[in-house]
Amino acid sequence: MIQSILDGILTGAIISLGAIGLTLIMHMLRFANFAYSELLAIGAYAALVFDRLFSALVPVLDQAFAPLTLTGALALSMVIAMLLTGLSAVIIDWLVFRRIRQKADPLSMVFASFGVALIIRNVIVLIFGHHAQLYSQEIARATILSFDPLILIKPDQVFVLALALVLMLALHLMLTRTTFGFALRAVAENPALAQVAGVRLTTVIAAVWIIAGSLSAAAGTLYALTNQLNPMIGPVFLLPVFAATIVGGIGSVYGAVLGGFIVGIASGLALLVLPSGYAPAMPFLIILAVLLVRPQGLFGEDQR
Amino acid sequence: MKRHILGLAGASALAIGLQTGAALAQDCSVNVGTLYPTSVDWGRPIAETALWVGEMINEAGGVDGCDVNMILRDDQNDGRVGVDAARSLVDIDQVQLLIGTVSSGITIPILTSVTAPAGVMQMSCCSSSTRLTEIAASGEARGLWFRTFATADVQAAVAAMLARDAGIESITVVYKNDDWGQDIGRMAAAAFEAVGIEVHASIALNDAQPSYRAEATQALRDQPGALYLALYPTEGISFVREWLGLGGTSVMIGANSLRSDDFRTTVGLANLGDFVGTDTSSPRVPSAEAFVDAYAAHFGSAPSGPGLSNSFDAAAIALLAYHAAGRDATGAEIAAQVPRVTDPDGEAIPATVEGFARAMEVLSEGGSVSYQGATGAVTFDANGNVSAPAVSWVFDDSGMAEQRYISLEEVSGFMASIN
């Protein structure tokens, strides 16, 4: 029980990171972006490329920070991957979504996002292949916190949780303490009014994509660090991330964070009540329950 | 926009016209669908082996004098992709014969929703689910279904035999939650119990989960003496790394699906010292050894992955039957000719270009042959099944090595003793 909750919190941290970007995008551009979770894959693979590059060029960086399996090379690669993924998100928006936004309705955007997802996924398969990749071949050994009940935790997972929380805190400070954060929230509230007040819409949209892209890249890299990396990381995260966004309420950053933890913990606990074959239904059940009881989500504004 | 569509239609009509014109101008050819997971590391050699048989058949004169055009599609080991690809082969390429695929979870929907309804014959190299036996027995497959791979109960029984011999007292079964995994997982659990091994739990792993940590934790709760893994490499890697990281036992028995370099390198050879795998095998007969030599000569390395000899025989038997049925045969007509290719009383023919040429000659004259293939002298039962001996294998520095050969008699005897 305690172990399941603990595992859920750790998985939840990654889902939360992914959901923050999605909730901002969905709220600001008002469409369900099914290509969103592919940003996690872009980020994780970008980190892989730079990790290999740095490890080869500067062998000193290839030392893991014990007891983590994280190396200096990977830490550096993650930062670069965050920037690159942010940029890719802007480019994808510029190439596809911006054009459709100007001409067609939100439904076309949804369909386009499916197409974009397929393209990204298959390009990754073309370049990297279907097989699983790892940043480190080492298996991270768990530390035993308690024998009865048996509670195990991996140092990597604690690091992932800590880093996710730091990133969320940074975003929170930016949203609440900077002029840019105000502009961003203003656009989310009412794009027309924000423009009247002198906020450049295109700049804000680009900024949101960059934020969403970098947080996703962090989520993807952290996930690959604690699990493995394969091209299916996008579809794997699609459902949990959407569930977290809907649970939290579209547009609410804090809702997305909470939603991520709820989905993570519920999926962990699901195995205690459901046969293992049915446990993946948990995110669906959560979405259904939230939509039935509180359609606007936990933190969402009532738009009726 | 409308004009565009019309233009496009015109262009494609023209292209089709040109294509038929070209086809008429040259010699005839028959389209054969080949569907394997070519983009997966263990799938590519299986597909290449099938294509190689196509080349050999063409060298021997082709199907009923026509060149075989093996149209290869990738199912990506994904059910949705596989069914779509099969549909395109059947509907657009108009094949009457589909060779494929590996995973039972994909083969079953293709058989029940694409090939059998369309009357197309399907021959798989590697699908081992007993669910396919039920489908064939119920008549749903309309006699169009064959496979050159023994059903999963052989592997399940051999896993129990290995566990008993290794003195394992308790085990937890972890299986992939698809047709194949449920099937082999259930049979393995029954087999373990039949030899007196306590089965703590059977845990299903679903495809594409963000993490298998919860499942690993659940398995750890019982502190089993060993794990039985009926998984594919993708979830196998994830689960086993999680399991070992949590301090679970390294004593593992795995199905042939884990016979993959990906699994070996990603989990790490150092962690797989206590791992032993099961697989069905070719009998130790000259024709099987000849295949190994021919394969090494053609591809430059010995056949080491799963399903290669089965893939060879699946393609060879199917194409010889196609030849016997004639170039314009329907799927049902091809299927009806399979017994003439695998007739134990027929003339024994080896799996070489000369052998294929001789077989075609005999078949054209109305005789029957006994195909001596990479998996020995293949014969199908009423449900399109074959039986086979088994091996146990381990991971080593060079890849995967056979540990022990368990003959057909030994396998059958053991299976009879536990049932």
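Here is the naming used below: chain letters follow the sequence lines, and residue numbers restart at 1 for every chain.
Atom OG of residue A/Ser4 and atom CD of residue B/Gln218 lie 8.5 Å apart, to the nearest 0.5 angstrom. A distance of 11.0 Å separates OG1 in B/Thr266 from CG in A/Leu229, rounded to the nearest 0.5 Å. The distance from the OG1 atom of A/Thr226 to the CD atom of B/Glu242 is 7.5 Å, given to the nearest 0.5 Å. Taken from NE2 in A/His131 to OG1 in B/Thr265, the straight-line distance is 8.0 Å, to the nearest 0.5 Å. Atom CG in B/Asp74 sits 5.5 Å away from atom NE2 in A/His130 (nearest 0.5 Å). Distance OG/B/Ser211 to CG/A/Asn227: 5.0 Å, rounded to 0.5 Å.
Around atom CZ of A/Phe128, more than 12 heavy atoms belonging to other residues, nucleotides or ligands sit under 6.0 Å away. Environment of CZ in B/Phe299: crowded, with over 12 heavy atoms of neighbouring residues, nucleotides or ligands closer than 6.0 Å. Enclosure of atom CZ in A/Arg99 by more than 12 non-hydrogen atoms of other residues, nucleotides or ligands within 6.0 angstrom is indicated.
Using a 4.5 Å heavy-atom threshold, the side chains of A/Gln157 and B/Arg213 count as touching. Between B/Asp207 and A/Val236 there is no side-chain heavy-atom pair separated by less than 4.5 Å. The shortest distance between side-chain heavy atoms of B/Gln76 and A/Asn122 falls below 4.5 Å.
Note on B/Leu244, B/Asn177, B/Asn206: by heavy-atom pairs under 4.5 Å with chain A, the leading option is B/Asn206. For the set B/Pro37, B/Ser39, B/Ala214, the count of heavy-atom pairs under 4.5 angstrom toward chain A peaks at B/Ser39.
Under the 3.5 Å distance criterion, the side-chain polar atoms of A/Gln228 are matched with a main-chain donor or acceptor of B/Thr234.
Within the 4.5 angstrom heavy-atom criterion, only side-chain atoms of A/Leu134, from C-beta onward, approach chain B. Neither the backbone nor the side chain of A/Pro235 comes within less than 4.5 Å of any heavy atom in chain B. For chain A, no part of B/Asp41 is nearby; none of its heavy atoms comes within less than 4.5 Å. Proximity to chain B (any heavy atom under 4.5 Å) is shown, for A/Asp156, by neither the backbone nor the side chain. Heavy atoms of B/Leu220 lying under 4.5 Å from chain A belong exclusively to its side chain.
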Criterion side chain to side chain contact (heavy atoms under 4.5 Å, CB included) on B/Thr217 and A/Leu152, from CA distance to verdict
CA-CA 9 Å; B/Thr217 314; A/Leu152 298 159; over 6 Å; no
